[in-house]
Amino acid sequence: MAETEEDRHLRFAGGLDCDPSPLPTLRHSASHVMAQAVKRLFPDVKLAIGPAIEDGFYYDFAKPDPFTPEDLAKIEALMHELVRADLPFVRRELPRAEAIRLFRERGEPFKVEILEGIDADLVSLYRQGEFEDLCRGPHVPSTGHVTAFKLLSSSGAYWRGDERNPMLQRIYGTAWLTPEELDRHLWRLEEAKKRDHRKLGRELDLFDFFDVAPGAPFWLPKGMVLVRELERFARESLDARGYQEIATPILIHKRLWEQSGHWEHYQDNMFQVEVEGQLFTLKPMNCPPSAYVYRRALRSYRDLPLRFSEMGRCHRNERSGTLTGLVRVRQFTQDDAHIYCRPDQLEDEITALLELVREWYKVFTLEPSFKLSTRPEKFLGTPEQWNAAEQALHQALKANGLAYDVDPAAGAFYGPKIDVDVQDVLGRRWQIATVQVDLTMLPERFQLEYIDSDGHPKRPVAIHRAIFGSYERFIGIITEHFAGAFPTWLAPVQARVLPVSEKHAEYARTVTRRLTEARIRGELDDRNEKLGYRIREAQLAKVPYMLVVGEREAQNGTVSLRYRTGEDRGAVPLDRVLADLAHEIGSRTVTLTVGRS
RNA sequence: GCCGGGGUAGCUCAGUGGCAGAGCAGCUGAUUCGUAAUCAGCAGGUCGCGGGUUCAAGUCCCGCCCCCGGCUCCA
């Protein structure tokens, strides 16, 4: 993974506290200005750390009471004063021991702890006005450069990111080189709220949550259309690639997890149900049950690879504070599959899987990025097995011409993996697809075998993979990606028929029936409202096509075609609209093509 | 789980101890309309849940639930 500004600061990596390019430097300086303001207003707070981060900065303080929104306003106002004073940032260097003495005198225990952990004889400090902080820089020349900033929020954060440590109070802010850039960023944040899948899910009647089932969505009819279309897409694709679909139980005896090893490491995350004195759990993953399917028959080397797919409904008891809309839930449905193959087939299988990822994500115009995680400190299996598997992953990535990052030692204990995440339009990253090689967990613990050509039993390699990841998260992401304006093949309502007035209702019903007969999701809006009103509603509902019908259209067997983009196409023969719609839906294109010649 | 902010009509939100409100949506009626909001009327409430203080609680106090932003976690 690329090193973030935060990593650099926290791990004291590199020679500086932030990237010396203008924007991170400015943000880093902004965090010092904020710390100065906080120290003036609240002299008793202790300073922790304050790095530049993506889009802004934060600073952590030890303070008995949390900052209130009013505190933030005061701090921001004082920051503006400090900026107007245009105080120069002045650097000086001190022997480490002297710096420790200095910060101990000033009553800054966190700075002392940092200094004690640093392997350097000489350390640097930066001063602006009365405020001086331990810091490797760089900084802007003076506080007057920090013109375009805004404090955004405060929250708790653990010292050094460890929940066993005391909780500090963190203030987040954003800072930019110019006021225009700041405004643009704040505008983007507003836009982000508008396309938040939780808001769109409610507005478009896709799904809802109720407090009786935290972390588990209720799919409404329109949202269920998305689920069904994605399922259909996945099944078509996998049927053409030699997958066999299975379904395994959701409620499973604890024994299974003892065998797989999950009980030891994962039981706190599993929902448990006692039935007649026996302990059952809601499965948190589908791999161990899949292994039972493999194991129920004697497998030959000729049978491999076996590809068992499963729309596996899983439950994980995520901590309550972590739940977020559809993207972090307690109940979700993975588009899971387990591929059992011979070691010599591994590379081809991985290559095919990465092709699948590319192909699927292209349909949704998502741009995936790939990360290869390699052997961790603690691992099962032999280094030779691991090297071969990692090699296969590297080769498969290269065969697909994919750029990828390597995350050293971040693999699962049972094998290396490739994770795929996507960036939504707003720049947030979400992990979706995963391709994990399993050298030992399923094969060893469930004693999976196949009879090789020499007549001897051998261990297969297992691959765990999900392409969408989960239907829930994936739908959350594409909802934001498309801002609710789904491609026609996914759109819950594909065309809405709008009669100009009651006089044209009969022809409108005919048009709607023709749509339905062609298995197009058409809807008639013959409410007693003006056309403009119904057009507005259809547009807000992001229905791709509006078919306006009145006197002229009824006469000529046409419809007047309007796109959700606002474009008005004019009269088009109904037969052509039906044919174009069928073609657009069948090809799963993202662009609106109906009626265009 | 931890820190903070929230929860009032279907939705968005106002209401700082004294009669529970607005806009949109809904319903009824009028209007029969040509490309982003026709007009009028009506109805709509366990103020998240439970307890407490008070003559009086949406409002103050305590506990719990859920949501939001972070932190932590994320086989």
Side-chain angles (χ1 to χ4, degrees), chain A residues 53 58 60 63 65-69 71-72 152-172 189 193 196 198-199 202-203 205 208-215 257 260-262 264-266 268-270 284-288 314 316-325 327-330 373 376 410-415 417 419 431 434 436 438 441-442 464 473 498-505 526-541 546-553 560-571:
Chain A
I53 56 174
Y58 66 75
D60 286 343
K63 179 172 177 290
D65 307 311
F67 293 102
T68 64
D71 291 339
L72 292 200
L152 297 176
S153 62
S154 62
S155 77
Y158 301 105
W159 169 237
R160 299 204 150 172
D162 189 330
E163 63 182 327
R164 289 165 302 191
N165 285 338
M167 182 164 270
L168 308 171
Q169 302 302 326
R170 173 174 301 178
I171 301 176
Y172 282 97
L189 291 180
K193 283 185 201 157
D196 187 311
R198 292 166 295 192
K199 181 177 162 69
R202 192 172 51 242
E203 288 173 355
D205 297 316
D208 208 349
F209 289 89
F210 299 95
D211 59 6
V212 290
W257 310 109
S260 70
H262 290 91
E264 192 184 340
H265 300 290
Y266 205 67
D268 288 347
N269 283 298
M270 292 163 73
M285 53 202 62
N286 310 299
C287 28
C314 298
R316 294 182 189 173
N317 188 10
E318 306 290 357
R319 293 160 92 176
S320 55
T322 64
L323 303 176
T324 305
V327 294
R328 191 76 192 277
V329 286
R330 284 192 174 134
S373 296
F413 66 85
Y414 51 75
K417 61 177 180 174
D419 287 328
Q431 204 229 294
T434 184
Q436 307 188 359
D438 179 358
M441 195 254 287
L442 295 182
H464 310 237
R473 177 175 284 186
L498 307 175
V500 171
S501 84
E502 266 175 33
K503 291 178 202 145
H504 318 107
D526 59 354
R527 287 176 301 168
N528 181 14
E529 298 287 354
K530 289 177 74 174
L531 180 61
Y533 178 89
R534 287 172 289 144
I535 283 178
R536 175 182 152 81
E537 295 234 314
Q539 202 121 349
L540 292 174
M546 284 155 257
L547 313 184
V548 177
V549 296
E551 200 56 43
R552 296 195 296 272
E553 291 78 7
S560 188
L561 189 62
R562 185 190 164 100
Y563 303 81
R564 66 176 159 211
T565 53
E567 187 187 345
D568 183 359
R569 189 96 212 143

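Chain identifiers are assigned alphabetically (A, B, ...) following the order of the sequence lines, protein sequences preceding nucleic acid strands; residue numbering begins at 1 within each chain.
Across all strands, G325(A) comes closer than 4.0 Å only to sugar-phosphate atoms, never to a base (heavy-atom distances).
If V500(A) and T324(A) are placed on RNA chain B by their nearest nucleotide, the residue sitting closer to the 5' end is V500(A).
A donor-acceptor contact under 3.5 Å is formed by the side chain of R328(A) with the base of C73(B).
The nucleotide G45(B) finds no pairing partner, because no Watson-Crick or G-U wobble arrangement with both distances shorter than 3.5 Å includes it. Base pairing of U38(B) is made with A30(B), judged by Watson-Crick or G-U wobble geometry with both donor-acceptor distances under 3.5 Å. For G23(B), the paired base is C11(B) (Watson-Crick or G-U wobble, both distances below 3.5 Å). Within the shown strands, G70(B) is the pairing partner of C2(B) under the Watson-Crick or G-U definition, both distances less than 3.5 Å.
Residues passing the side chain to side chain donor-acceptor pair (under 3.5 Å) test with R527(A) are D525(A), E537(A), sequence neighbours excluded.
Residue P66(A) has its side chain nearest to C3(B) when only C11(B), U32(B), C3(B) are considered. In this structure, of U35(B), A75(B), C3(B), it is C3(B) that holds the atom nearest to the side chain of M167(A). Out of A37(B), C33(B), C71(B), the shortest distance to the side chain of T322(A) is found at C71(B). Listed nucleotides C3(B), C67(B), U38(B) differ in distance to Y533(A); the shortest reach to its side chain belongs to U38(B).
A40(B) and G50(B): their P atoms are spaced 40 Å apart (whole Å). Nucleotides C61(B) and G70(B), compared at atom C1', are 28 Å apart to the nearest Å. Here the separation of A20(B) from A14(B), taken at their C1' atoms, is 11 Å to the nearest Å. For the C1' atoms, the distance linking C3(B) with A43(B) amounts to 44 Å, nearest Å. Here, G26(B) and C11(B) have their P atoms 14 Å apart, quoted to the whole Å. Rounded to whole Å, the separation between the P atoms of G48(B) and C13(B) comes to 15 Å.
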